[in-house]
Asker: 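Mind looking over this structure? Questions follow.
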Amino acid sequence: MSLVFAGVVSHAPGITGRAQRAEPAARDRFYAALDRLRLEMEETRPDALIVVGAEHFANFFMNNMPSLCIGMSDHYEGPIEDEQWLAIKRRRIPGNAALSRVLIERVMQSCDVAYAEEWKFDHGIMVPLHFLTPRYDLPVIPVNINCQGPPLIPLHRAWAFGKALRDACDAIPERIALVGTGGISHWPATPDSGKINVEWDQQFLQRFLANDRTALLGYTDAQTHREAGQGGFEIRTFLSVAAATEGQTGQLYCYEPIPIFAVGCTVARMTVA
Amino acid sequence: MSLVFAGVVSHAPGITGRAQRAEPAARDRFYAALDRLRLEMEETRPDALIVVGAEHFANFFMNNMPSLCIGMSDHYEGPIEDEQWLAIKRRRIPGNAALSRVLIERVMQSCDVAYAEEWKFDHGIMVPLHFLTPRYDLPVIPVNINCQGPPLIPLHRAWAFGKALRDACDAIPERIALVGTGGISHWPATPDSGKINVEWDQQFLQRFLANDRTALLGYTDAQTHREAGQGGFEIRTFLSVAAATEGQTGQLYCYEPIPIFAVGCTVARMTVA
Amino acid sequence: MSAWRLTSIASPRSARLKAPVMSLYQVQKLIYELNRSPEHRQRFVADRAAVLATYELTAEELQAIEQPDIGLMYVMGVNGQLLMHYAALRGFEWDAYIKAMRDGLAQHGAVRTGLYVAAGSLS
Amino acid sequence: MSAWRLTSIASPRSARLKAPVMSLYQVQKLIYELNRSPEHRQRFVADRAAVLATYELTAEELQAIEQPDIGLMYVMGVNGQLLMHYAALRGFEWDAYIKAMRDGLAQHGAVRTGLYVAAGSLS
Ligand SMILES: [Fe+3]
Ligand SMILES: [Fe+3]
């Protein structure tokens, strides 16, 4: 058992960049839940944190869009966005190339990941790190599932990838924390920014927390796009965490729809067997 | 049955770039075999040609090195190398983005491919095209298996990829030709350039032509590296063609060790069921 | 870049053999490269025409980028995760950026291609 | 870039927590970018120092690139599929390029890292 912690959090850039414009009480409940997740993660004494994100054309463009990518560097950089816009200062983030390599080789037994020896994090990873490793003292292993530019991998491959990550973690002595970040329903960077399908989110979260594999794999992209926006494609990151903790359930620490953050702000922890 | 043709050819840059320095009789036998393969491919009236190559840091670098990538553009460009050095003039090569997309979506059911909406071909694709589509009138769908910069996918995933390609071809009405290009034993771009392990090549070719899955998947990278050079990692492209024609055997049209071409120059055709 | 489809329509062979060349890819590539590189942004600010000349763009695209007409770029199908940063680079505050997209829809009609063809319909 | 290993050695946890930062990646990136872009090559020819200043390189790497010492670059572990084109760019004909690598091995010793550590041993 070397996966020691698993959770999911939202990552929308408004969470830090437009913090002052949110309803204070809802925002502070969300921030408090993030802090709780951080403390609980620290209690598990991880050696490294795998962040499964869904980045937004910061590193990966349609000239070579990987379905799955894992970072393999001793240091990363971020945010790539304007520091004022995101309200996070640019900095170097520690990685662990050797540990990445061991994980990548193991994951490659079943999933065809790209690897990246440099990576400029966007808000998709920086916002979670801002709350979960505020001192930037934990080596991060960035992982990406393409959820932006179709064609996208089917959900069952996101599941297979989560299983492969778990298998890789369990094969090494290091203590690994895993955090997925994405979704849930949202229409980011469109005129519908701020729209949130609360009912859809609640049903999805129920299925996710129950780790209901059949229900989770039952979503189709057409339906998700219609009901949960193009931002809903990012449920792939949640599915990978569910797969990595298959058979276990989770606990919801926060779900707060905050329109100016453009997403139902979510914090949850999954039990690790 | 919409895969209508399958074969393998060598692609070393010396084949065109250092043509004048080769032993003329061996070279001309090789060129004649390439021409035979072209004629036979043309007889199958393909609508598009999938080239499974192993490119050499022309498009894909360690900042985002895909294990598997498929092009998705209506046109490509090549060669990226100096035109005099490769003795192939730079030009636009026709593609078919819509056809690529259908194939990619199908392949993604089991393999996690990257997609690329632009691609500058290097010798790994240009040398085969120079002989197989000399009028550049056949849409090309470039495919890459990373065989250069480790970590590399295991051979059984290259096999799974070949099966996925076959499955995708069989699901569409278009007539598809498939050509793999790589290996076999060679030490390209090293002081050992020109070394060829003929015995190793002959055994490999025997197994490939017999489509002996067990034997082909029995190679290990450590052993290949030791006996067949780092260029031997490119057998992944041969394996994908064998997988795409599983159950069928092949015929060798040429095997000529030509040291100034830095490879045992190979042309073979596989039967398509 | 081919138009977004949730599932590929099994189009007849003939239709697939003459897909149009789209330059939307080039618009998006420009923004991607601006986002990644401070040097590229500096060159763009200093001599926009010179930078734009290195991309294959239609007259409409060129004008929308130059002006900038964020609303038209949205309608053209530029991915919002790219467009958002171009709007910020050109000085649009958040609300002005959202408004520009809404104005674009009113002025230029529905989104032509990409992920957002159907967006807005649930508002 | 971590050193090439055919299979990962199950190194102890402590060893993996302080892997060295290697700048070989930067040398290779330079050549990759030169290979891809005629404009980059022009800038490199016109003002080599300015281009090199944009990469994080050690003094030894800088000198090997400047000179150029193709043999030393080979010994440093630069992938041959990249180095081959850098040699051509700097005017090395095929035989001179192969000879430079051989001379490098004689002068600087075995390849230090990467794919070619074991190469040459079968010659
Ligand atoms: Fe996102
Ligand atoms: Fe090759």
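So that the names make sense, note that chain A is the first sequence line, chain B the second, and so on, each numbered from 1. Only this structure's heavy atoms are used, side chains among them; waters, hydrogens and symmetry mates stay out.
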Asker: Heavy atoms only: give me the nearest C:Y32-A:A58 pair and the separation to one decimal.
Answerer: CE1-O, 3.6 Å
Asker: Check each atom of A:N63 against the heavy atoms of chain C and say whether the ones under 4.5 Å are side chain, backbone, both or neither.
Answerer: both
Asker: Any Lys/Arg nitrogen of A:D122 or C:R36 sitting under 4.0 Å from an Asp/Glu carboxylate oxygen of the other?
Answerer: no
Asker: With side-chain contact (heavy atoms from CB on, under 4.5 Å) as the criterion, how do A:F57 and C:N35 come out once you've worked through the C-alpha distance, each side chain's angles and the decisive distance to 0.1 Å?
Answerer: CA-CA 9 Å; A:F57 309 111; C:N35 287 350; over 6 Å; no
Asker: Between C:K99 and chain A, with a heavy-atom cut-off of 4.5 Å, which part of the residue counts as in contact: side chain, backbone, both or neither?
Answerer: neither
Asker: How about CD on A:Q206, more than 12 heavy atoms from neighbouring residues, nucleotides or ligands closer than 6.0 Å, or not?
Answerer: no
Asker: Identify the two heavy atoms, one from A:A189 and one from C:Y97, that lie closest to each other, and give their separation to 0.1 Å.
Answerer: CA-OH, 3.3 Å
Asker: Nearest heavy-atom pair of A:T190 and C:I98: which atoms, and what distance?
Answerer: O-CD1, 3.8 Å
Asker: Applying side-chain contact (heavy atoms from CB on, under 4.5 Å), run through C:H85 and A:W85 and close with a yes or a no.
Answerer: CA-CA 9 Å; C:H85 300 296; A:W85 183 84; 3.6 Å; yes
Asker: Would you name the heavy atoms of A:S193 and C:W94 that are closest together and state the gap between them?
Answerer: OG-CZ2, 3.7 Å
Asker: Could you tell me how the ring of A:F61 sits relative to the ring of C:Y25: parallel (under 30°), tilted (30 to 60°) or perpendicular (over 60°)?
Answerer: tilted
Asker: More than 12 heavy atoms of other residues, nucleotides or ligands under 6.0 Å from CD of C:Q63: yes or no?
Answerer: no
Asker: Considering only heavy atoms and a distance below 4.5 Å, find which of A:R18, A:E81, A:Q148, A:H56 pairs most often with chain C.
Answerer: A:R18
Asker: Taking C:Y116 for its side chain and A:Q230 for its backbone only, find out whether a donor-acceptor pair lies under 3.5 Å.
Answerer: no
Asker: Is the side chain of A:H225 donor-acceptor paired with the backbone N or O of C:L115 at a distance under 3.5 Å, no angle test?
Answerer: yes
